[in-house]
Each structure stands twice: as structure tokens, then as C-alpha cells.
> 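Quick one: this structure, given as C-alpha cells, is what I'll be asking you about.
Note that the numbering runs from 1 along the sequence shown for the chain.
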Amino acid sequence: MAVNLADLNFYRAVNPDLAGFNDPEAFSHLINNGLNEGRVFSPYIDLNLYRAVNPDLAAAGLTSNRQLYDHLQNAGVAEGRTFSPVFDANFYRAANPDLAAAGLNNEQLLDHFRGFGINEGRASAPNFSVSFYIAANPDLQAAGFNFQQALQHYVFAGIGEGRTAAPSGPAAPPPPPPPTDPGNTPGSALNVGTLIGTRAFDQFVGFDDREDYYRFDVNSPIDFNLYLDGLTADADVFLYEDINRNGAIDSGENIFTNTQRSGINSESISRNLAVGTYFVLVRPDSQGRNTNYTLRLVNETSEAVDIGLLNGTRTFSELVGRTDPQDYYRFNLTSPSSFNLTLDGLTADADVFLYEDTNNNGLIDSGEDIFTNTQRSGTTSESISRNLPSGNYFIVVTGGANTNYNLQISATPGVSPQSTNPINLSDSAISEFAVDPIINNSSFNTANDSAIQTFTANGSDLTDGLGNATANLLLKESFTGGNDFANLLAANPVETPDFSQGLALI
């Protein structure tokens, strides 16, 4: 039986940008974004500790925070594995005979501690007793801390300050070992394992450490992004595929991309990756100057928010920027629908793109239809309105500087899909009646439009002495109440009749 690990009230409290989220929205954010962003979601759970003291999980390919969360929830708690500096199921059972007598299993013991034991001041781990912690620290007493507050103080401050939290024993479990330095050859590359979600590495290259190699596996095709930033001197990054699976980078082996921007400018790579094994190489410039760097490898396919069938309105509040440059959303339509998108609430510039997954492979492929991209500058809202056929779609929100955003999308079934390549009416097309102006989206832009003149020259008595300007004005007022005639034509009143406006003027 799986145990619920998420403390959504706590998650909102320590992440102010999520304060307005309800429980389903907060949980969706945690699962789809927060875990692999490294956000704290519970004072009782430490995924870094879980990773460090359970090396068999990494050996099995469970390396991302999302994978560790799922394993801990579905198996790790029940197996009695170490995952917290303040709770140990075996210790909690032994220190509390009433719980042992009740026959509580490991998952039930965790639930008991979170719901009751902490507020009762029970000892919960070899190195932690909340009652002792308050008694041994007069400043916490003076601050009026309750047991919950004392536990959180210990987790987020007391461990780092070296405070003792139990009658005997060290102040805290041994800290996780420092991150492994990437090897200087493909054979000694830091093995990331199967790439799921986002993996981030803070490292160094320079005169004494000229090459850092990383290796990762792709088990199914993915949209992949790589970011190299946080530089203090110039560095470059390269991506290779180990085509023959020999654990080396051979002469002539595919080099997908190399980025060599000058100075401390960030480097990035975006590719669709097939199933296989890949190497990433980070190295300093030709002068070998020392620089720190942050490398992020992102499986965007696994991080995409899966909306499923879009029918009605969905709203998302998120952030993009330097640390999270792109957010992916995917949805499907089972029938032609009127689609609308709004991106607002920006504090810096952001753009939004809409793609159709025309080959249904779950990826955004090179050359795949791009229905619309909006790239208005600054904090101006972005919007997309289209009639879409049934199919699978992606939305990508991108930003350079950090910005919050609100994304609202809606779909209303029951419309005819728009052509992805609307025809622009020309004078000659009107004169030859090659295009039906009621069915196709066109525009009469000015009172003296040559298309109107040609139309009247071919026998129409529409103007009948009123002049082209008056005719154009009548068209606008009759169909659209004075708005652009193209808006009516795009709405296609023949296929979707709407006679609520002033047609009697015609």
C-alpha cells in the first residue's frame, strides 16, 4: 500500500509562489515540476538523504527526484529504509511499546508520527527527540516553539548549526557525500543513468581539470534540452551519441551539437533524442581558464504537464526563466474545437508556442506544424486563438529572465478546423472570383482597397453611387458593427450561422 508523502500545506507555505494553489493544483505542481526542481515538500522527507544512504537505487537507474519519490512512496517506507533525519520506523516502534502492541506497520507508524506522535513529543529517531530538543535549547523555549515548529527548526537550521537533538548520539545522521566529480574520460564519465526529469550538476573546469564527462541513457525518444550557465569564464559543451554502445566516443561518431559561445554567455542545446546512450562534455576555452558552472540535463517529455483531453478551461500558474527556461504542456482533442490561449501575469518577457504532434510520436519534431508563435515584447500578454482539428498538441512557454505567469487554455468542441495556411486574397483573385470571400479568411484593409475596386468593376452595383469608401463602411457595419470585416469572414457565418447582428442593413 502506498503512503502519502506530500504535505501540501507545508509545500505552499515554503514556496510563496504557490500560495494561491488549491490542493489538486499544488500536488500537480509537485509531481510535474517541484520534485525535479528540488523543492522541499515535507519536513519529514529528505530525498537527498534517501539517495545517499540507498546506493542500490541509483544502481537500478532510480536517480531523479521523481523516481526516488515514487519508490519511497510505493516501497521504501514499507521496507523501513532511511529517508529522514527525524523519523526511523524501527526506532519509533521500539521506543513506543503501545505502537508495537497495536501492530502498526512502517507506513502506519509514519502516519502516526506525522498526525499524533510529533504533537505528543515522542522520540522518533536515534538522533532526534523533539521533547529533548526543546528542553536543550532555551532560545527555542523563549521563542514559544511548539513541537512542530521545533522539528522544522531542527531540519532547516539545527542540523546545520550542530545542535544536539537526543540524550546521546551525534547531532544528525552523517551528511550525504559530496557530489562525485565527473571523470576526465568517457570511460570514467559520471553515470547519470536513465534521464528522467531534470538533473543538475554544480561543477568546475579549468587549468587543473580540463574535461568533465557525463553519460546518460534514453529509454524512449525524448525532447531534450541542455543548459550550461553560472559561468565565471568561457566554457563550451558538446553532446555525443555512443552509437556502437562501446562506452567511448569514437572517431566519426555522431556529434549532435556543439555550442561555443564566447565569454560567460550561457550555452544550450535542444534536440530530439532517440533511444540510446549519450555523452556530454564540458571543457574550458582554449586558454583553460578556471570556471564554475551549472549543467542541467532535461528530459522535457517526462516533465511535460499532461493535461489529457482538453474540454473546457484549464489554468496554470508557473515560473520560467534562467533556472527553468521552458515549460511544456501537452493535450489532445477528440473532435474539432475552438481553442483559445492567454499568457499573462508576467513580470518579465515570456513567449508561448503551439505545436501539433502530427505524427503522434509524443515529441516536437523538426519541421512539425507550428500553428502559432507569439513573441510580443516585455510583459505584454500573449494570446492564441485557433480552430483546431482533433489531434495531439504541445504548448511551450519560454522565458529568459525569471517571470511568473498565468496560462489559461480552453477548447470548445464542434467547430470546423481552420486551415493552417490561410489564403491571402489578391486583387486578381477577387476579379476572377477564384476565392469565395465568405468561406475563406481575407481582409479589406482600406476604403480604397483595389480588391473592392476590382469587385465593383466586374459588374457589382454594390456601391451604386455611394463610392468605395461607403461600400466598405456598409460591409463593416452590417456584418460586424463597425469592426474589421476579416473578423466575420474568419468566423465563417455560413457554416456557423449567427444572425444576431445587423444583417438587415444589407
Side-chain angles (χ1 to χ4, degrees), residues 1-11 14 26-96 99-100 102-118 122-128 130 151-152 154-156 159 170 172-177 179-180 191-200 217 219 299 302-303:
M1 180 184 71
V3 63
N4 178 27
L5 301 180
D7 183 338
L8 298 179
N9 288 330
F10 178 84
Y11 188 55
V14 299
F27 184 73
S28 175
H29 183 276
L30 172 66
I31 295 301
N32 293 304
N33 302 95
L35 285 173
N36 286 326
E37 290 171 4
R39 298 201 187 207
V40 179
F41 60 90
S42 168
Y44 308 101
I45 312 296
D46 185 339
L47 293 180
N48 289 326
L49 178 64
Y50 191 55
R51 176 185 289 110
V53 301
N54 295 283
D56 60 314
L57 302 182
L62 304 181
T63 55
S64 73
N65 284 347
R66 173 63 191 275
Q67 290 173 314
L68 293 172
Y69 178 94
D70 289 343
H71 183 273
L72 179 60
Q73 176 175 259
N74 295 312
V77 174
E79 293 170 1
R81 293 183 181 242
T82 298
F83 59 85
S84 171
V86 296
F87 178 80
D88 179 283
N90 293 326
F91 178 91
Y92 193 55
R93 180 185 291 108
N96 297 280
L99 305 183
L104 300 185
N105 63 30
N106 290 340
E107 294 172 333
Q108 292 169 327
L109 289 170
L110 175 60
D111 286 339
H112 181 276
F113 178 63
R114 293 184 297 184
F116 305 98
I118 180 60
R122 297 193 185 219
S124 54
N127 305 305
F128 184 73
V130 70
L151 181 145
Q152 292 184 25
Y154 175 69
V155 170
F156 299 112
I159 293 175
T180 302
N191 190 357
V192 177
T194 301
L195 182 61
I196 297 178
T198 298
R199 296 298 307 277
D217 298 314
N219 287 346
N299 178 344
S302 68
E303 288 219 315

> Is Arg66 reaching over with its side chain to a backbone N or O of Asn32, donor-acceptor style, under 3.5 angstrom?
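Between the backbone of Asn32 and the side chain of Arg66 there is no qualifying donor-acceptor contact (under 3.5 Å).
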> Under 3.5 Å, is there a donor on one side chain and an acceptor on the other for Arg199 and Asn299?
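No pair is found: no donor N or O on one side chain lies under 3.5 Å from an acceptor on the other.
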> Report yes if some heavy atom in the side chain of Tyr154 is under 4.5 Å from a heavy atom in the side chain of Val130; otherwise report no.
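Not touching, per the 4.5 Å side-chain cut-off.
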> So which atom in Glu107 and which in Ala78 form the shortest heavy-atom distance, rounded to 0.1 Å?
OE2-CB, 3.7 Å
> Is the closest side-chain heavy-atom distance between Phe10 and Pro43 below 4.5 Å?
yes
> Which heavy atom of Asn65 sits nearest a heavy atom of Leu35, and at what distance?
ND2-O, 2.8 Å
> Treating Glu79 as the side-chain partner and Gly76 as the backbone partner, does any N or O pair qualify as donor plus acceptor under 3.5 Å?
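Here the side-chain-to-backbone pair does not exist.
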> Search all heavy atoms of Asn4 against all heavy atoms of Gln73 and return the closest pair with its distance.
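Minimum heavy-atom separation between Asn4 and Gln73: CA-OE1, 4.3 Å.
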> Could you tell me whether the side chain of Thr63 and the main chain of Val192 form a donor-acceptor pair under 3.5 Å?
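Side chain of Thr63 to backbone of Val192, a donor-acceptor pair under 3.5 Å: yes, one is there.
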> How long is the gap from CG on Leu195 to OG on Ser64, to the nearest 0.5 Å?
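Rounded to the nearest 0.5 Å, the CG-OG separation comes out at 8.5 Å.
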> Go through the steps for Phe83 and Leu68 under the test side-chain contact (heavy atoms from CB on, under 4.5 Å), then give the verdict.
CA-CA 10 Å; Phe83 59 85; Leu68 293 172; over 6 Å; no
> Quick check on Phe156: does its CZ atom have over 12 non-hydrogen neighbours (other residues, nucleotides or ligands) under 6.0 Å away?
yes
> Do you know which two heavy atoms are closest between Leu110 and Val3, and how far apart they sit?
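Closest approach of Leu110 to Val3: CD2-CG2, 4.4 Å.
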> Strictly distance-based, threshold 3.5 Å: is any side-chain N or O of Ser84 a donor or acceptor partner for the main-chain N or O of Tyr44?
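Yes, because the side chain of Ser84 sits within donor-acceptor range (under 3.5 Å) of the backbone of Tyr44.
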> Calculate, to the nearest 0.5 Å, the distance between atoms CD1 and CG belonging to Ile159 and Asp46 respectively.
8.0 Å
> Taking all heavy atoms of Ala125 and all of Pro85, pick out the closest pair and write down the distance.
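Closest approach of Ala125 to Pro85: CB-O, 4.1 Å.
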> Take Phe113 and Leu151 through the test side-chain contact (heavy atoms from CB on, under 4.5 Å) and record every step on the way to the result.
CA-CA 12 Å; Phe113 178 63; Leu151 181 145; 3.9 Å; yes
> Is any side-chain heavy atom of Ser124 closer than 4.5 Å to one of Ile118?
no
> If you measure from CG on Asn219 to CD1 on Ile196, what distance do you get to the nearest 0.5 Å?
7.0 Å
> If we only count heavy atoms from C-beta on, is the Leu99 to Arg122 side-chain gap below 4.5 Å?
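The answer is yes, as the side chains (C-beta and beyond) meet within the 4.5 Å cut-off.
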> In terms of the angle between their ring planes, are Tyr50 and His71 parallel, tilted or perpendicular, with boundaries placed at 30° and 60°?
tilted
> Could you list the residues that satisfy side chain to side chain contact (heavy atoms under 4.5 Å, CB included) with Asn90, not counting sequence neighbours?
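Partners of Asn90 under the side chain to side chain contact (heavy atoms under 4.5 Å, CB included) test: Asp88, Arg93, Asn106.
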> Verify side-chain contact (heavy atoms from CB on, under 4.5 Å) between Val53 and Arg81, making sure each step is shown before the conclusion.
CA-CA 9 Å; Val53 301; Arg81 293 183 181 242; over 6 Å; no
> Could you check whether the rings of His29 and Tyr11 sit parallel, tilted or perpendicular, using 30° and 60° as the cut-offs?
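His29 and Tyr11: tilted rings.
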> Decide yes or no on side-chain contact (heavy atoms from CB on, under 4.5 Å) for Asn105 and Gln108, but give the supporting numbers first.
CA-CA 5 Å; Asn105 63 30; Gln108 292 169 327; 3.2 Å; yes
> Is the shortest side-chain heavy-atom distance between Tyr69 and Ile45 below 4.5 Å?
no
> In Å and rounded to the nearest 0.5 Å, what is the CG to OG distance from Leu30 to Ser42?
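One gets 10.0 Å once the value is rounded to the nearest 0.5 Å.
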> With side chains defined as the heavy atoms from C-beta onward, is the minimum distance between Leu62 and Asn54 less than 4.5 Å?
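Counting from C-beta outward, Leu62 and Asn54 never come under 4.5 Å.
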> Does some side-chain heavy atom of Val77 sit less than 4.5 Å from a side-chain heavy atom of Leu5?
yes
